[in-house]
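Input: a single structure, listed below in structure tokens.
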Protein chains: 2
Amino acid sequence: MKDRILTTADKLFYLQGLRAVGVDTIAAEIGISKRTLYNHFPSKDALISAYLARRFVTPRPSDKPPAEQILATFDSLERRFASKDFRGCPFVNAVAELGSADRSVRKIAIDFKESRRLWFRNLLVQLGVKDAEGLATQLALLVDGSIAQDLVRNDPAMARAAKQAAMVLLANAGVKVG
Amino acid sequence: MKDRILTTADKLFYLQGLRAVGVDTIAAEIGISKRTLYNHFPSKDALISAYLARRFVTPRPSDKPPAEQILATFDSLERRFASKDFRGCPFVNAVAELGSADRSVRKIAIDFKESRRLWFRNLLVQLGVKDAEGLATQLALLVDGSIAQDLVRNDPAMARAAKQAAMVLLANAGVKVG
DNA sequence: ATTTAGGTACACAGACCTGTGTAACTAGTC
DNA sequence: GACTAGTTACACAGGTCTGTGTACCTAAAT
């Protein structure tokens, strides 16, 4: 049940926004009573936090070459952009909507961004890149930039542009790219 | 009067979000009656549109060297990030909050992003860059990426990272950078 | 068969929201 | 002094929202 609630909340929160979706709407969509929802989550805020926590997924380890993994990130982004259900980064959207006042939401957003940056950094270290820290940040910038651009323009080409830029940055750091 | 309303609406909408701020709050902040506000703007939606339209500013022409102008963009970003009143890109935030359902908001957001991309492109053309279109898109990605990252992390260093990346991309396109 | 855990239906409080209606007030202008 | 344009105070309609209270129901486990 808890899972059904979260699944539906995810769909509605992500597609329509946190404030735009009421708990009534979520309950009605599942076909349960609002009371049941409140029996599983003490408040809407708690539901929002759980929604974001569930969105915090880390890429599973891969044994493909690091450079390939990095570039594949942008291919995966392009596929997600092509879906009509893509509506930007849920963490960025949540911070944009709730403001930095909401401490717990902001914390999870920061953690997520940092975890992705570290994922990049580890791969870059494996590649022997000198300034892995700095380059990881720059790659993260490209990811978030293409997401923001696609959110407003709805243009998957943004992911390709980011990938091109990433290839230049990698090559400049001495990484051989396909 | 209209201007005082817009100034206050700007401050509140931008800092707290579109849905988080009611017309009552705006009127109270100025010290006017809600009726007066509605005498100047037929609806809250109209006020939101006017707020965004007022945020649509284009950089004034400069006779500094194009490469300098491009890089100065990132310095200016860094200064804005350092302000505690910076809360991301108002257009991206509006789209994130209102969803793509709101056509007029989305249009102005697209127009703004495109105008900045074209500003980059023109400078790149002046520099004789071959793929000015593509590089302009990539620079725009860096700008929006650093804005999104700063929104959640509150770290002006994101602007510096974007500038570093921009310098690499420019150099790679044959532009001499300081 | 009784207990127990959970779900349902439904009303409701209390807050907030947008937008309107109305009558009175205050300036400045003819 | 009379007229006009803009403003104010304030109530209100009608809607939405979060969260709670309560009594009933259902089904599984003991």
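Convention: sequence-line order gives letters A, B, ...; per-chain numbering from 1.
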Is any NZ, NE, NH1 or NH2 atom of the basic residue among A:Glu97 and B:Arg19 found under 4.0 Å from an Asp or Glu carboxylate oxygen of the other? no
Round to the nearest Å and state the distance from B:Tyr38 atom OH to C:dT22 atom P. 18 Å
Ignoring hydrogens and geometry beyond distance, is a side-chain donor-acceptor pair present between A:Ser33 and A:Thr36 at under 3.5 Å? yes
Taking both distances under 3.5 Å as the test for a Watson-Crick or G-U pair, what stems of at least three pairs does DNA chain C have? C:1-30 with D:1-30
Could you walk me through whether B:Val129 and B:Val175 pass the side-chain contact (heavy atoms from CB on, under 4.5 Å) check? CA-CA 7 Å; B:Val129 168; B:Val175 176; 3.5 Å; yes
Identify whether NZ of Lys or CZ of Arg in A:Lys44 sits under 6.0 Å from the centre of the six-membered ring of A:Tyr38 and within 45° of that ring's axis. no
Does any part of the side chain of B:Phe86, heavy atoms only, come nearer than 4.5 Å to the side chain of B:Tyr14, both counted from C-beta? yes
Between B:Arg121 (side chain) and B:Ala136 (backbone), is there a donor-acceptor pair under 3.5 Å? no
Would you indicate whether the side-chain heavy atoms of A:Arg80 and A:Ser76 approach each other to under 4.5 Å? yes
Quick one: do A:Asp111 and A:Lys107 make a salt bridge, cutoff under 4.0 Å? yes
How close do A:Ile5 and A:Leu37 get, heavy atom to heavy atom, and via which atoms? CD1-CA, 4.0 Å
Would you mind writing out the side-chain donor-acceptor pairs for residues 148-166 of chain B within the sub-3.5 Å range, not counting sequence neighbours?
residue	atom	partner	partner atom	Å
B:Gln149	OE1	B:Arg153	NH1	3.4
B:Gln149	NE2	A:Asp144	OD2	2.6
B:Asp150	OD1	B:Asp155	N	3.0
B:Arg153	NH1	A:Glu114	OE1	3.4
B:Arg153	NH2	A:Glu114	OE1	2.3
B:Asp155	OD1	B:Ala157	N	2.9
B:Arg160	NH1	B:Glu78	OE2	2.4
B:Lys163	NZ	B:Asp75	OD1	2.9
B:Lys163	NZ	B:Asp75	OD2	3.2

Does atom CZ (A:Arg54) have a neighbourhood of more than 12 heavy atoms from anything else shown, all under 6.0 Å? yes
Are B:Phe112 and B:Arg55 packed together at the side-chain level, in the sense that at least one heavy-atom pair is separated by less than 4.5 angstrom? no
So which heavy atom on A:Leu6 is nearest to which on A:Ala50, and how close? CD2-CB, 3.7 Å
Would you tabulate the pairs of protein nitrogen or oxygen atoms and nucleotide nitrogen or oxygen atoms of nucleotides 12-15 of chain C closer than 3.5 angstrom?
none

B:Leu118-B:Phe91 co-clustered via ILVMFWY side chain contacts under 4.5 Å: no
Closest non-hydrogen contact found for A:Ala132 with A:Val125 is CB-CG2, 3.8 Å
Among residues 42-54 of chain B, which contact DNA chain C at a heavy-atom distance under 4.0 Å? B:Ser43, B:Lys44
Check: protein-nucleotides 5-7 of chain C nitrogen or oxygen pairs below 3.5 Å:
residue	atom	partner	partner atom	Å
C:dG7	OP1	A:His40	NE2	3.3
C:dG7	OP2	A:His40	NE2	3.3

For the pair made of CG in A:Leu37 and P in C:dC10, what is the distance, rounded to whole Å? 18 Å
With a 4.0 angstrom cut-off to heavy atoms of chain B, pull out the first and last contacting nucleotide of DNA chain D, in 5'-to-3' order. D:dT7 to D:dA9
